[in-house]
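Here's the structure we're looking at; comments come further down.
Along the sequence shown, residues carry numbers from 1.
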Amino acid sequence: MILTYVVLIIGFILLIKGADFFVDGSSSIAKLLRVPSAIIGLTIVAFGTSAPELSVSFSAAMQGQNEIAISNVLGSNIFNLMVVTGACAAVAAIPVNAGILKREFPFSIFAAGLLLVFSLFGSDNLEIARMEGIVLLVLFILYIVMQVRGALKSRSEAEEDPMENILSPFRSVALVIIGCIMIVFGGDFVVDSASAIAASFGLSETLIGLTIVAFGTSLPELVTSVVASRKGENDLAIGNVVGSNLFNILMILGISTSINPVPLNPTAIYDCILLILFSCLVLLFCWSKKKLGRGEGIIMLILYAVYTAYIIMR
């Protein structure tokens with residue numbers, strides 16, 4: 001049991017230091033490419049921090065257990081939105097990029113709405129079919145194209161600052177890769193050891209899955225966004241959350257359902273509705289002042305605590 005606690009501590013160290021490397025490398029890449037940090041957050045960082053969800057969902061799809069995939073995605077998206085963003089705002093008020101408010105954030109709500117439509121009306125057997133998964137993948141490709149076009153436009157308009165301290169391309173990429181590996185392994189160590197500790201205290205596997213595992217697969221987003229926010233890279237932090245949520249629905253569920261159709265538990269429909277409602281609420285918070293204040297961040301954390309109580313009771 002002592003070894004389990006040691007692994008837990010090592011996992012947290014890997015997460016925190018890995019996030020530090022990841023943010024520094026990603027920020028440097030943005031400066032090297034002369035594109036806004038928000039775009040890097042919406043693409044490279046979002047993809048890296050979504051690796052645990054991709055791993056879990058892909059494995060579930062290959063084993064024909066796709067109900068795990070959609071629960072994992074919806075649970076992670078709600079956690080990203082309410083806890084990751086809420087925690088960043090609770091630490092210090094964070095300004096929100098106007099472009100994200102006008103394009104990517106509404107697009108993430110549209111993606112969740114489309115998932116709800118597929119869940120309710122896409123099939124006679126309460127499942128998301130392969131063709132619907134392909135539609136999600138097509139939308140994901142369009143999203144990536146949109147980000148690439150935005151990056152190219154921003155690069156052509158940006159002016160290079162000769163006084164700016166930028167890491168070399170090799171070191172920047174190396175930091176991103178090393179940081180991503182540390183984050184993924186750190187998350188695995190934390191989830192496995194925390195689950196073992198919880199089981200030793202007599203907690204059920206269902207409760208562990210709904211809480212510790214859901215928290216664990218979203219740890220990369222949480223740590224990376226908080227570290228980015230503390231370093232003043234607010235666009236990277238918000239872009240990471242919105243981008244990760246889009247990656248989770250469009251790419252991860254798109255891949256999973258293309259391999260095997262996803263059977264739906266009715267509770268997943270309620271979670272999808274809650275994700276849409278929470279997303280609209282956070283967008284309203286951001287739109288009113290073009291930033292998330294500490295009070296709003298605390299409200300988001302409280303709402304997630306209520307949601308957690310709800311999923312435990314059900």
* Note, F105 side chain near V282 side chain (heavy atom, < 4.5 Å) -> yes
* Asked: Hey, does Q147 have a side-chain heavy atom less than 4.5 Å from the side chain of E104?
  -> yes
* Is there side-chain contact between I29 and V176, with at least one heavy-atom pair below 4.5 Å? -> yes
* Asked: If Ile, Leu, Val, Met, Phe, Trp and Tyr residues are connected whenever their side-chain heavy atoms lie under 4.5 Å apart, and connections chain through other members, are M82 and L277 in the same group?
  -> yes
* Using atom types as modelled and distance alone, determine if a side-chain donor or acceptor of R130 lies under 3.5 Å from a backbone N or O of T257. => no
* What orientation do F247 and Y143 show, parallel under 30°, tilted 30 to 60°, or perpendicular over 60°? -> perpendicular
* Asked: Does M182 belong to the same Ile/Leu/Val/Met/Phe/Trp/Tyr cluster as I13, with side-chain heavy atoms less than 4.5 Å apart forming each link?
  -> no
* Asked: So do F118 and L136 actually touch side chain to side chain, heavy atoms under 4.5 Å?
  -> yes
* State, yes or no, whether a side-chain contact exists between L137 and L250 at a heavy-atom distance under 4.5 Å. => no
* Would you please say whether a donor-acceptor pair under 3.5 Å links the side chains of N240 and S225? => yes
* Under 3.5 Å, side chain of K290 to main-chain N/O of W287, donor-acceptor pair present? -> yes
* Asked: With the 4.5 Å side-chain cut-off for hydrophobic clustering, are Y304 and I302 part of the same group?
  -> no
* Hey, what's the ring geometry for F107 with F110, parallel, tilted or perpendicular (30° and 60° as the breaks)? -> parallel
* Structure fact -> Here the pair of heavy atoms bringing S258 nearest to G133 is OG-C, 3.9 Å
* Hey, any chance I298 and F278 share a hydrophobic cluster, counting ILVMFWY side chains that come within less than 4.5 Å of each other, even indirectly? -> no
* Give the cluster check for L74 versus Y310: same hydrophobic cluster or not, with ILVMFWY residues linked at side-chain heavy-atom distances below 4.5 Å. => yes
* Side-chain touch D271/N77, heavy atoms, less than 4.5 angstrom -> no
* Asked: Side chains of N248 and L253: does their closest heavy-atom pair fall under 4.5 Å?
  -> no
* Decide yes or no for E296 and S288: does some side-chain heavy atom of the first lie under 4.5 Å from some side-chain heavy atom of the second? => yes
